[in-house]
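Here the structure is laid out as structure tokens; the discussion comes afterwards.
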Amino acid sequence: MTKPLVAGNWKMHGNIEQASSLASQLAANWNDLQAVEMVVFPPFVHLSTVKEALANSAVALGAQNISQHEGGAYTGEISGAMLVEQGCQYVLVGHSERRELFGENNVTVAEKFKAAQKVGLVPILCVGESLQERRQGQTLAVVSSQISAVIDCVGLRNVSRAVIAYEPVWAIGTGEVASPQQAQQVHSAIRTQLGNIGADTRLLYGGSVKSSSAVELFAQPDINGGLVGGASLEAHEFLNIVKLAE
Ligand code: PGA
């Protein structure tokens, strides 16, 4: 069976002291939660502090973004090799905030996915529809085209080795969660798109996950964990969500 994965996306929140304290609390509790894989995504400048706090624990480290370029004159960018050097194992790719606010399109996202795997990072590919797209009945088409763009670039086998997070844009940071049925419908379509090779691919749900909504979501057959934003900034709540993925 696939080991569930619960990921905490800290976004651009907190300072070094808070990052260190949050990571230390997770490190102190991981031992009881070994049936679930835990990973946190602090801001770049907090990676080394968090890495130190997570030492001697199995909580993994990830980055929120990666350059599609290997190196060179790209002011402000961070390469995959630099992330590996910082101790990262995972990287978020195609988060809706990157797509919407920073103009990343399916092609950029696919290039970033490729760059991540090239250095041995596991990309968590984020996909999801806007509220308007859902209302127009385009949810499955949008999600499938976001995944196809990456398959076209790296191949189905490489996509199935990664993690995919379904995050409806209208549910991110809004307090509005997709119903377990809505989420399962999309997860099941993603599973079908991946075919046999994707039978064990971990598919996470993201969008206002809290411990109160996690139980039913994680009970769905094609949901293998969660990508948690706001609720991952509070150790107790995040650990509760991790417990529910067991
Ligand atoms: P949220 O964020 O849990 O605060 O909605 C999820 C995400 O952006 O990954």
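For ligands, and for the atoms within them, numbers begin at 1 and follow the listed sequence. Values in this document were obtained by computation on a predicted structure and should not be read as measured data.
The protein heavy-atom contact nearest to atom 3 (O) of ligand 1 is G229 N, 2.9 Å. Here the heavy atom of the protein found nearest to atom 9 (O) of ligand 1 is E167 OE2, 2.6 Å. Protein heavy atom at the shortest distance from atom 4 (O) of ligand 1 is G230 N, 2.8 Å.
Taking every non-hydrogen atom of S208 and a distance limit under 4.0 Å, the qualifying atoms of ligand 1 come out as 1 (P), 3 (O), 5 (O). Those atoms of ligand 1 with a heavy atom of G207 less than 4.0 angstrom away are 5 (O). Within ligand 1, counting atoms from 1 as listed, the ones closer than 4.0 Å to a heavy atom of A171 are 5 (O). Each of the following atoms of ligand 1 lies closer than 4.0 Å to a heavy atom of H95: 7 (C), 8 (O), 9 (O). Near L227, meaning under 4.0 Å from any of its heavy atoms, are these atoms of ligand 1: 9 (O). Per-residue contacts place G173 under 4.0 angstrom from the following atoms of ligand 1 (heavy atoms of the residue considered): 1 (P), 4 (O), 5 (O).
Side-chain contact between V40 and W10: present, with at least one pair of heavy atoms (C-beta onward) separated by less than 4.5 Å. In this structure the side chain of L125 reaches within 4.5 angstrom of the side chain of V150, judged on heavy atoms.
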Pair R98, E104 - check salt bridge (Lys or Arg N to Asp or Glu O under 4.0 Å), show working. CA-CA 6 Å; R98 302 287 327 162; E104 292 187 11; 2.9 Å; yes
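In this structure, K210 falls outside the shell of residues with a heavy atom less than 4.0 angstrom from ligand 1.
Judged purely by atom type and a 3.5 angstrom limit, E216 has no side-chain atom pairing as donor or acceptor with the backbone of S213. No donor-acceptor pair closer than 3.5 Å links the side chain of K112 to the backbone N or O of V91.
Aromatic ring orientation, Y90 versus F41: perpendicular (interplanar angle above 60°, classes split at 30° and 60°).
Across all non-hydrogen atoms, the minimal contact from A53 to S24 is CB-OG, 3.7 Å.
When non-hydrogen atoms are compared, ligand 1 lies under 4.0 Å from the side chain of N9 (C-beta onward) but not from its backbone.
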